[in-house]
Amino acid sequence: MPTPHNSAAPGDYAPAVLMPGDPRRARRIAETLFDDARLVNEVRGMEAYTGTVGGRPISVMGSGMGMPTMTIYATELYREYGVRRIVRVGTSGGFQDDLSLGDVIVATAAHTDSAINAPRIPGVTFAPAASYPLLRAAVDAADRAGTPVRVGPVFSSDHFYLARPGLHEGLRDHGVLGVDMETAALYAVAAAEGGEALTVLTVSDHLFREEAMPSEDREKSFAAAAHIALEAAFS
């Protein structure tokens, strides 16, 4: 059934969905990677497409920015549309010294400063983690393609501009690879809904070296992460 946020009909989504934040990037993935892609949703401008790759069904949908929108869209995909796997394809700010722009991160788990998951299990600090079959498949796909990846935890932040002295340094010193704004929500929704989830991120800027990709380079750099995500979704 359509929802307040999604006009797709039952059966419009494939069992596996790639999920970038930007709906225009969802369109780009559909146009460049999918065969016979068709638009299945554009409510609130959040475009979603379904097609095939090598004869296998696959969908892609934007999530918007931040954990509330990710929670809404992921919950509806799992609960209302029968989706079983969501692979986020996004960007990350890098923390570790040996990360460079364009590097790919496969997120094992997500720390967060958000309270969005706190009500799920009262009295417990829930630790959202990736689905191991997808994680293993992504690493295997990267190995086959000869694409180096970093595998480890990320930090999902509720804030993009808020300055918090010492926060990034503390996360770096505890082995966190980088920061995004959605993974902790996606992993928690997957756990709650009995689905699988994974995040594959491209390092688009570095928090300690003041390096950042131009916007046009961000689009081009997504190819490696998108192919890894696609292979994991099909595993």
Any donor and acceptor pair, going by atom type alone, linking the side chain of E182 with main-chain N or O of M67 inside 3.5 Å? no
Margin query: Quick test of your reading of the model: are D98 and R150 salt-bridged, counting only N-O distances below 4.0 Å?
Written below: yes
d(L134 CG, R85 CZ) to nearest 0.5 Å is 4.5 Å
Interatomic distance, CG@L230 vs CG@L33, rounded to 0.5 Å, equals 6.5 Å
| query | If you draw a 6.0 Å radius around CE in M65, do more than 12 non-hydrogen atoms from other residues or ligands fall strictly inside? | reply | no
Check your understanding: Backbone N or O of D158 within a donor-acceptor pair of the D113 side chain at under 3.5 Å?
Key -> yes
Give a yes or no on this: more than 12 heavy atoms of other residues, nucleotides or ligands lie within 6.0 Å of atom CG of D173. yes
When you compare the side chain of V89 with that of R25, does any pair of heavy atoms fall below 4.5 Å? no
Next on the checklist: More than 12 heavy atoms of other residues, nucleotides or ligands under 6.0 Å from CD of E42: yes or no?
Outcome noted: no
Note to self: Using the rule that Ile, Leu, Val, Met, Phe, Trp and Tyr join whenever any side-chain heavy atoms are under 4.5 Å apart, tell me whether I105 and F95 fall into a single cluster.
What the structure shows: no
Residues V60 and A26: closest non-hydrogen pair is CG1-O, 3.4 Å
Requested in this report: Examine V151 and V176 and state if one hydrophobic cluster contains both, with Ile, Leu, Val, Met, Phe, Trp and Tyr joined whenever side-chain heavy atoms are less than 4.5 Å apart.
Outcome: no
Does the pair Y187 and L198 meet the rule for a side-chain contact (heavy atoms from CB on, under 4.5 Å), with working shown?
CA-CA 7 Å; Y187 286 4; L198 182 70; 3.9 Å; yes
**Q.** Close side-chain approach of L207 to V179, heavy-atom, < 4.5 Å
**A.** yes
With no hydrogens and no angle check, is any side-chain donor or acceptor of T3 less than 3.5 Å from a backbone partner on N6?
yes
Rounded to the nearest 0.5 angstrom, the OG1-CG distance for T75 and L186 is 9.5 Å
Residues L101 and D205: closest non-hydrogen pair is CD2-CA, 3.5 Å
Notebook entry, point to check: Does one hydrophobic cluster hold both V203 and L177, with members joined at side-chain heavy-atom distances below 4.5 Å?
Noted result: yes
Rounded to the nearest 0.5 angstrom, the CE-CE distance for M70 and M181 is 12.0 Å
Check: Is there a salt bridge (charged side-chain N to carboxylate O under 4.0 Å, His left out) between R172 and D97 once you walk through the steps?
Finding: CA-CA 9 Å; R172 175 197 62 194; D97 292 341; 5.0 Å; no
* To do: Determine whether more than 12 heavy atoms belonging to other residues, nucleotides or ligands lie under 6.0 Å from atom CZ of R44.
  => no
Original post:
Taking the six-membered ring for Trp, are F208 and H168 parallel (under 30°), tilted (30 to 60°) or perpendicular (over 60°)?
Top reply: perpendicular
*asked:* Using modelled atom types and a 3.5 Å cut-off, is there a donor and acceptor pairing between side-chain atoms of D180 and backbone atoms of S92?
replied: no
### Query
With distance as the sole test, does H206 use its side chain to make a donor-acceptor pair with the main-chain N or O of Q96 at under 3.5 Å?
yes
List the steps, then state whether side-chain contact (heavy atoms from CB on, under 4.5 Å) holds for T71 with I116. CA-CA 9 Å; T71 297; I116 197 165; 3.4 Å; yes
**OP:** For the residue pair V53 and F34, establish whether any side-chain heavy-atom pair is separated by less than 4.5 Å.
**Re:** yes
Nearest heavy-atom contact between M46 and G64 is CE-N, 3.5 Å
A192 and R120 have their tightest heavy-atom pair at CB-NH1, 3.4 Å
Smallest heavy-atom separation, P4 atom then V43 atom, equals O-CG1, 3.8 Å
- Report yes or no: do M19 and V104 belong to one cluster of Ile/Leu/Val/Met/Phe/Trp/Tyr joined by side chain heavy-atom distances under 4.5 Å? yes
In short, A232 meets S235 closest at the heavy-atom pair O-OG, 2.7 Å
- Query: Is there a side-chain contact between Y81 and D12, using heavy atoms and a 4.5 Å cut-off?
  - Reply: no
In this structure, CG of L39 is separated from CD of E47 (nearest 0.5 Å) by 6.0 Å
One should read off an interatomic distance between E196 CD and Y78 OH, to the nearest 0.5 angstrom, of 8.0 Å
**Prompt:** S204 side chain to M213 main-chain N or O, any donor-acceptor pair under 3.5 Å?
**Reply:** no
Let's go through F222 and T91 carefully: what are the C-alpha distance in whole Å and the side-chain angles of both, what is the deciding distance for side-chain contact (heavy atoms from CB on, under 4.5 Å) to 0.1 Å, and is it a yes or a no?
CA-CA 9 Å; F222 265 85; T91 57; 3.3 Å; yes
Worksheet entry | Side-chain heavy-atom pair P20, I29 within 4.5 angstrom cut-off | yes
Give a yes/no verdict on a cation-pi contact between R56 and F234, requiring under 6.0 Å between NZ or CZ and the six-membered ring centre and an angle within 45° of the axis.
yes
Notebook entry, point to check: Can V149 be reached from L18 by stepping across I, L, V, M, F, W or Y side chains whose heavy atoms are under 4.5 Å apart?
Noted result: yes
Under the side-chain contact (heavy atoms from CB on, under 4.5 Å) rule, what do L167 and F155 come out as? Steps first, then yes or no, please.
CA-CA 11 Å; L167 175 65; F155 170 64; 4.1 Å; yes
* Asked: So, the side chain of S7 versus the backbone of N41: is there a donor-acceptor pair under 3.5 Å, distance only?
  -> no
